[in-house]
Amino acid sequence: MNGIPYAREYKVTLCHVCSYVCPEDAHECPRCDSPVHRRKPNSLTRTWAFLIAGLIFYIPANLLPVMYTTMLGSSSENTIMSGVIEFAEGGSWDIAILIFIASVVVPCIKFLVLGLMLVTCQRRSTWAMRERSRLFRFIELIGYWSMLDVLVVALVAALVQFRGLSTIEPRLGILFFGLVVVMTMLAAMTFDPRLIWDAEVEDVR
Amino acid sequence: MNSATPTPMTDIPHRQAHASEQPPAVAETQSRADQWIICEHCDSVYESIPLNKGEAAYCLRCAAILRRNHRLTVEQLLALSIAACILFIFANVFPVISISMQGLHNEVTLWGSVQALAQGQITLIALVAGLAIILAPALQIALLFWVLAHAHRGQIAPGFKMCMRTLEHLRPWSMLEVCLLGILVAIVKLAGMLDVHPGAGLWAMAMLMVLILLIAGKDIRRLWDELGVRPE
Ligand SMILES: [Zn+2]
Ligand SMILES: [Zn+2]
């Protein structure tokens with residue numbers, strides 16, 4: 001399109017681990033011995049699998065409580081959303097927004113963007129390739145911030161352990177939430193952004 | 001199709017490079033290919049040219065960063081990895097938060113917070129948290145120290161390939177930045193109901209996070225070239 005050659009035109013492939021320029025027919029990087037593939041194997045199918053697993057785990061992650069609090073005799077269970085609302089009602093708008101972004105906005109953006117990447121690549125769409133490339137790098141960058149809530153629950157549960165007065169315990173929801181983060185991270189790792197640009201060329205498998 | 005060599009990448013910092021005239025065709029040999037840079041996001045091939053300090057090269061096709069010039073020398077990286085090692089010990093030995101309530105006192109270390117998740121059904125998530133805030137950073141620091149200490153003397157460390165591969169695979173799972181933000185959120189969260197004090201571990205943690213960002217990035221791949229690790 002704009003005259004910059006693709007690696008395949010020179011019969012070379014990039015090693016993703018050490019950046020070595022490998023011959024196209026290599027199965028192992030000659031320099032660091034990592035497996036080398038022209039494109040990540042079964043990238044679209046595997047990304048779909050991780051994405052769907054993430055979506056499934058996202059349901060119990062939101063419905064089940066993530067934290068169980070006893071405070072001077074009274075006890076309550078918090079889901080992710082009820083925790084956010086509690087912060088907002090208590091006046092800590094900044095923290096409420098922060099947790100809302102990390103636990104709700106970021107995972108949802110990841111689901112949407114990964115879904116968009118998969119659908120457009122399967123249709124070999126040439127629409128907004130540069131922007132889609134940027135978008136993918138953006139979700140790769142923000143994805144792991146969703147672990148925030150898991151770590152907050154861990155810290156708070158470890159701290160508030162005053163028997164008889166007040167205790168906080170983690171609950172099953174946090175497991176599913178952590179798994180959502182892991183699944184979306186794996187989905188982003190198995191997606192091969194080079195597939196976006198393959199739509200430009202006719203002869204790619 | 002193989003009539004032209006790759007476009008030379010330009011080195012205008014923080015701006016997109018523009019393609020310059022293509023040089024005459026050159027025989028396609030592996031030694032030639034050593035001078036090439038392939039964009040990992042779109043597979044474009046460029047000819048590598050030296051960058052000045054602080055400059056970065058961008059891909060013309062997809063706008064990803066192709067390469068950044070390393071600002072730090074191997075000696076500086078080694079010094080920072082030793083500092084990171086000390087800070088890591090501090091961050092793990094000292095509590096990151098301490099609280100008090102009606103005369104009772106409690107404090108938490110990083111390990112303590114991971115243990116709090118290790119309860120029955122949800123133990124799996126304790127493993128993920130342990131990897132993200134303790135194991136991955138610890139391994140990163142240890143492996144970096146090992147390869148840099150040898151690189152400093154111009155040697156290729158024993159097990160160099162395995163160390164470098166492990167560093168690449170650990171990078172996405174190391175989440176000290178998120179942990180630091182988590183500590184701050186936990187402090188604010190608890191400040192409403194009891195007395196909260198940031199612990200000494202928190203300050204070590206904050207400095208450690210900056211050091212890890214400096215030393216554990218993709219930049220470390222330059223050791224392959226600088227040490228002249230030859231492909232088999
Ligand atoms: Zn390699
Ligand atoms: Zn590119």
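In what follows, chains carry the letters A, B, and so on, assigned in the order in which the sequence lines appear, proteins first and then strands, with residues in each chain numbered from 1.
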**Item:** Greatest number of heavy atom pairs closer than 4.5 Å to chain B - which of A:Asp192, A:Val17, A:Val152
**Value:** A:Val17

**Request:** Give a yes or no on whether the backbone of A:Arg38 and the side-chain of A:Arg194 come within a donor-acceptor separation of less than 3.5 Å.
**Result:** yes

**Request:** Check whether B:Val196 gets within reach of chain A through its side chain, its backbone, both or neither, counting any heavy atom under 4.5 Å.
**Result:** neither

**Message:** I'd like to know which of B:Pro95, B:Pro231, B:Pro172, B:Ser44 tops the heavy-atom pair count under 4.5 Å against chain A.
**Reply:** B:Pro231

**Request:** Could you tell me which portion of A:Met185 (side chain, backbone, both or neither) has an atom closer than 4.5 angstrom to a non-hydrogen atom of chain B?
**Result:** side chain

**Asked** Between A:Phe136 and A:Phe191, what is the ring plane arrangement, given parallel below 30°, perpendicular above 60°, and tilted in between?
**Response** tilted

**Request:** Below 4.5 Å from any heavy atom of chain B, which atoms of A:Thr13 appear? Answer side chain, backbone, both or neither.
**Result:** backbone

**Asked** Relative to chain B, which segment of A:Ile174 carries a heavy atom at a distance below 4.5 Å: side chain, backbone, both, or neither?
**Response** both

**Item:** Separation of A:Phe57 CZ from A:Met183 CE (nearest 0.5 Å)
**Value:** 5.0 Å

**Message:** Any side-chain to backbone donor/acceptor pair from B:Arg165 onto A:Ser34? Under 3.5 Å, distance only.
**Reply:** no

**CA sep, side-chain torsions, deciding dist, call: B:Trp173, A:Tyr144, ring pair (Phe, Tyr, Trp, His ring centres under 6.0 Å)** = CA-CA 8 Å; B:Trp173 300 105; A:Tyr144 70 117; 9.8 Å; no

**Proximal component of A:Val181, with respect to chain B [non-hydrogen, under 4.5 Å]** = neither

**Item:** Closest non-hydrogen atom pair, B:Ser100 against B:Leu194
**Value:** O-CB, 3.5 Å

**Prompt:** So which of B:Asp43, B:Ile122, B:Ile125 has the biggest tally of heavy-atom pairs under 4.5 Å with chain A?
**Reply:** B:Asp43

**Request:** Side chain from CB out, backbone as N, CA, C, O: work out which of these in B:Gln119 comes under 4.5 Å of a heavy atom of chain A, or both, or neither.
**Result:** side chain

**Item:** Heavy-atom proximity to chain A below 4.5 Å, by part of B:Gln102
**Value:** side chain

**Message:** Need one label for B:Ile183: side chain, backbone, both or neither, based on atoms under 4.5 Å from any heavy atom in chain A.
**Reply:** both

**Prompt:** So how far is it from B:Ile134 CD1 to B:Cys179 SG, rounded to the nearest 0.5 Å?
**Reply:** 8.5 Å

**Asked** Can a cation-pi geometry be assigned to A:Arg31 and A:Tyr20, taking NZ or CZ under 6.0 Å from the six-membered ring centre and within 45° of the ring axis?
**Response** no

**Message:** Between B:Phe160 and B:Trp146 (judged by ring centroids, cut-off 6.0 Å), do the two rings come close enough to count as a pair?
**Reply:** no

**Item:** Top of A:Leu165, A:Leu159, A:Val156 for chain B proximity - count of heavy-atom pairs under 4.5 angstrom
**Value:** A:Leu159

**Item:** Which atoms of A:Ile99 approach chain B - backbone, side chain, both or neither, heavy atom under 4.5 Å
**Value:** side chain

**Item:** Which portion of A:Leu175 sits near chain B, non-hydrogen atoms under 4.5 angstrom
**Value:** both

**Request:** Heavy-atom distances under 4.5 Å only: say whether B:Ala64 touches chain A with side chain, backbone, both or neither.
**Result:** both

**Request:** For B:Thr166 and B:Met162, indicate whether the former's side chain and the latter's backbone hold a donor-acceptor pair under 3.5 Å.
**Result:** yes

**Item:** B:Arg67 to B:Tyr58 six-membered ring, cation-pi geometry met (6.0 Å, 45°)
**Value:** no

**Asked** Can you tell which of A:Leu179, A:Val160, A:Ile196 has the highest number of heavy-atom pairs within less than 4.5 Å of chain B?
**Response** A:Val160

**For chain A, the option from B:Glu177, B:Glu40, B:His41 that forms the most heavy-atom pairs under 4.5 Å** = B:His41

**Asked** Is it the backbone or the side chain of A:Phe87 that comes under 4.5 Å from a heavy atom of chain B, or both, or neither?
**Response** side chain

**Message:** Would you say that more than 12 heavy atoms from the other residues, nucleotides or ligands in this model lie under 6.0 Å from the CH2 of B:Trp203, or not?
**Reply:** no

**Prompt:** Using non-hydrogen atoms only, which part of A:Glu140 is less than 4.5 Å away from chain B: side chain, backbone, both, or neither?
**Reply:** side chain

**Request:** Please determine, among B:Met164, B:Glu107, B:Met175, B:His169, the option with the most heavy-atom pairs under 4.5 Å with chain A.
**Result:** B:Met175

**Prompt:** Considering only heavy atoms, which portion of A:Ile95 lies under 4.5 Å from any heavy atom of chain B: side chain, backbone, both, or neither?
**Reply:** side chain

**Request:** Could you tell me the separation between the CE atom of A:Met81 and the OG atom of A:Ser103, rounded to the nearest 0.5 Å?
**Result:** 9.5 Å

**Asked** B:Leu190 versus chain A, heavy atoms under 4.5 Å apart: side chain, backbone, both or neither?
**Response** side chain

**Asked** If you look at every heavy atom in B:Leu143 and B:Cys163, which pair is closest and at what distance?
**Response** CD2-SG, 3.7 Å

**Prompt:** Can you find a pair of side-chain heavy atoms, one from A:Tyr58 and one from A:Phe111, that are under 4.5 Å apart?
**Reply:** yes

**Message:** Is A:Arg132 close to chain B through its backbone or its side chain, or both, or neither, when contacts mean heavy atoms under 4.5 Å?
**Reply:** neither

**chain B contact via A:Leu98 - side chain, backbone, both or neither, heavy atoms under 4.5 Å** = side chain

**Fill in**
Highest number of heavy-atom pairs under 4.5 Å with chain A among B:Met101, B:Lys189, B:Lys218 belongs to B:Lys189

